Amino acid sequence: MIKPKSGSSFLIPSIGDFLFISVFLLMTVHSGKNLLGDGDTGYHVRAGEYMLKTHAIPRYDMFSYLSPPLPWTAHEWLSEVVMAVIHGFSGLTGVVTFYAFLIALTFYLLFKVVDATLDNIIISIPLVVLTTAASCMHWLARPHIISMLFMVIWHRLLDRFQYEGRQKGLYLLPVIMLLWVNLHGGFMGGFMLLGVYLLGNGLDLVLKKEGERRPSLAKLRALGVATALCLVVTLVNPYGFHILLFPFQLTSSKDLMDTVSEFLSPNFHESYVRWFEVYLLGLVATLGFSKVKLNFIEAALVVLFLYMALFSARYIPLFVIVVTPIWGKHLDQMLKGSDLKLASFLKTRSRNIAAIDARSYGHLWPAVAVCAVLAAIYAGTIEFAFSPEVKPVAAIDFLKRERISGNMFNNDEFGDCVIYSAAPMYKVFIDGRLDMYGATRVKEYKKVTNFQLGWEGVLDKYRISWVFFDANSPFSRYLQANPGWKLIYADKVANIFVRNVPQYQYLIRKYPSVRPVPQSDKDDKA
């Protein structure tokens, strides 16, 4: 047990504690509903419940009516089981709180990493706050949050080995990978980092003189062994070596990458990337003015993860998490080499703040914050569910009352919500598991929603007799004007149409005067 230093107190919260508490309370008390901005949370929970009930990892889909059942690689199976267990105790509120905790822990650890690397806490604080702000555009109650946490730990262990010679940390990598490969497909990020460090030490070995190669060779061997062990443990999953192919199969499909909004490149005209823009400008300015050049490993990490972030917005959090320690190191070196009065002032203030921060002992206040939130959840003060303002909550209640028969055609996001709220009563045409449905069915889905030639044939092929779709969409507006379809339910989020055939005349007579709900200007812009 580590004893506190003289003058230390567990009553004094550290800056890292403040960061954890701020992020955790922001998510659980104020903005937790944002973590449910994606319907995928729903199918993850139900998939986990299915596994708990059957004591088996699914090999085939059970939520869609497509026949024969589609092969399904449930690559996030362990995360889904954890989510299902938490959901069983406290519903979606517990799931949101769990991911809020992981997010807060991620940036607490990132702050500790940056603060340990730098000699200036005044740089560490705003840098990590900016990193936190830049990454929040992809904070959702989904398993990818776990990959953010593991990337912080993984990168730190590799850095300590590379620059401090701490080889024992490499032994933890296979243990982390054993969990990571069963929790989320982002485990490939760990191999990307390993590849960069291997390549950096390999180049160092080639470029150094004969008598100076021993340290690089030793590092290369250690990293090689760690990489081999990590590859071996990835096979300890329900799908064996196929799990290694899954990320490549997903990202190599242009149809999938062009369909899922989070896989698209960031739109710099939108507000969600404003902090990412600030981050990029600050990084470029620092590297441009710094007299110390990036080493190969640092440069490769910046270029690789920047490319990923510009290719797909969902990788922005990984980019800032990996690059922040590098940026901070160069900011610190610039400050040390400066003779400006401001630099001297910042150094003095940094020492004073660090001395105060060093007096903090333990993590009393983060524990108090977590316990307070758990108590509020138990008392019913804090509660989260899918918002009826943006999700088809009311429409699904209508579906459960009416028990409409036949095959539906649905918005993929609505499919997630149907799986969560109305399975197995209803089975979907498509949902957020687009990797499972594959490029062919995604093309068919887009053919219908974009009115491409032959779109009616897709509806006939799957014997679709009713439609559950986004109210503010061209497809809904088309069906409203088509006498072959009748609108039986409408709100600001969703419309439900049935074919104008004898099978559904009872519903058409029951709801004869349904009209689309007018959309506000704000809705139209969205």
Side-chain angles (χ1 to χ4, degrees), residues 102-103 105-118 123-124 126-139 144-164 169-170 172-173 176-177 180 184-201 223 226-227 230 247 251 262 266 273 275-284 286-287 290 293-332:
L102 293 185
I103 291 168
L105 180 60
T106 296
F107 292 96
Y108 167 82
L109 291 178
L110 183 64
F111 173 77
K112 301 300 286 185
V113 167
V114 174
D115 189 42
T117 305
L118 277 58
I123 294 177
S124 303
L127 192 56
V128 175
V129 169
L130 176 58
T131 302
T132 306
S135 71
C136 69
M137 45 75 65
H138 202 225
W139 289 1
H144 69 272
I145 298 299
I146 297 170
S147 284
M148 290 169 50
L149 174 62
F150 281 169
M151 284 294 279
V152 174
I153 299 170
W154 195 275
H155 188 200
R156 178 56 174 166
L157 291 174
L158 287 174
D159 257 9
R160 293 182 73 178
F161 165 73
Q162 182 68 28
Y163 302 115
E164 301 173 23
L170 294 183
L172 292 175
L173 298 184
I176 296 172
M177 183 55 70
W180 201 352
H184 185 248
F187 71 90
M188 290 303 297
F191 284 110
M192 293 169 67
L193 287 177
L194 278 169
V196 170
Y197 282 79
L198 279 167
L199 184 58
N201 284 287
L223 286 169
T227 303
C230 288
T251 56
E262 67 187 49
V273 292
W275 293 115
F276 177 52
E277 291 177 311
V278 174
Y279 188 99
L280 284 180
L281 291 173
L283 176 65
V284 170
T286 299
L287 298 182
S290 177
K293 293 183 178 180
L294 295 171
N295 62 40
F296 176 82
I297 291 175
E298 292 173 335
L301 290 175
V302 171
V303 171
L304 175 61
F305 282 89
L306 177 58
Y307 168 77
M308 291 171 58
L310 295 177
F311 179 77
S312 176
R314 68 172 290 155
Y315 297 128
I316 289 176
L318 297 186
F319 164 74
V320 295
I321 283 172
V322 169
V323 172
T324 290
I326 299 171
W327 183 11
K329 195 183 302 182
H330 283 262
L331 272 175
D332 190 35

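Computed from a predicted model, the values in this text were never measured in an experiment.
- Taking the side chain as every heavy atom from C-beta outward, F111 and T132 never approach each other to under 4.5 Å.
- In this structure, CG on L223 lies 5.0 Å from CG on L198, to the nearest 0.5 angstrom.
- K329 has its side chain within reach of E298: a pair of non-hydrogen atoms, C-beta onward, lies under 4.5 Å apart.
- A pairwise comparison of heavy atoms in H138 and H144 identifies O-NE2, 2.8 Å as the closest pair.
- Remark: side-chain polar atoms of W275 are not paired, donor with acceptor, to backbone N or O of A133 under 3.5 angstrom.
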In sequence, state the C-alpha distance, the side-chain angles, and the governing distance for H155 and I321, and then conclude on side chain to side chain contact (heavy atoms under 4.5 Å, CB included).
CA-CA 9 Å; H155 188 200; I321 283 172; over 6 Å; no
Could you walk me through whether N201 and Q162 satisfy the side chain to side chain contact (heavy atoms under 4.5 Å, CB included) test, starting with their C-alpha distance in whole Å, then the side-chain angles of each, then the deciding distance to 0.1 Å, before giving a yes or no?
CA-CA 9 Å; N201 284 287; Q162 182 68 28; 2.8 Å; yes
Throw together a table of side-chain donor-acceptor distances under 3.5 angstrom for residues 300-320, partners on residues two or more places apart or in other chains.
| residue | atom | partner | partner atom | Å |
| --- | --- | --- | --- | --- |
| S312 | OG | E262 | O | 3.1 |
| S312 | OG | F263 | O | 3.2 |
| R314 | NH1 | E262 | OE2 | 2.7 |

Should L172 and I153 be marked as a side chain to side chain contact (heavy atoms under 4.5 Å, CB included) after you check the CA-CA gap, both sets of side-chain angles, and the distance that decides it?
CA-CA 10 Å; L172 292 175; I153 299 170; over 6 Å; no
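- Between V323 and Y279, the closest side-chain pair of non-hydrogen atoms falls below 4.5 Å.
- Atom OG of S290 and atom NE2 of H330 lie 5.5 Å apart (nearest 0.5 Å).
- In this structure, T117 and D159 have side chains that are not in contact, with every pair of non-hydrogen atoms separated by 4.5 Å or more.
- Once rounded to the nearest 0.5 Å, the distance linking CG of L105 with CD1 of I145 reads 12.0 Å.
- The two residues W180 and G186 come nearest to each other via the heavy atoms CZ2-O, 3.3 Å.
- Atom-to-atom distance recorded for L149:CG and L102:CG is 6.0 Å, nearest 0.5 angstrom.
- Interatomic distance, CG of L170 versus CG of L158, reported as 6.5 Å (0.5 Å rounding).
- When all heavy atoms are compared, the tightest approach of F107 to S135 is CZ-OG, 2.9 Å.
- A heavy-atom distance below 4.5 Å is not found between the side chains of F150 and F187.
- The shortest heavy-atom contact between N295 and I297 is OD1-N, 3.1 Å.
- The shortest heavy-atom contact between M177 and C230 is CG-O, 3.7 Å.
- What you find for G282 and W327 is that their closest heavy atoms are C-CZ2, 3.2 Å.
- M151 CE to L109 CG: the interatomic distance, rounded to the nearest 0.5 Å, is 14.5 Å.
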Using the rule given for side chain to side chain contact (heavy atoms under 4.5 Å, CB included), can you reason through T106 versus W139, listing the C-alpha separation, both sets of side-chain angles and the distance that settles it, and then say yes or no?
CA-CA 12 Å; T106 296; W139 289 1; over 6 Å; no
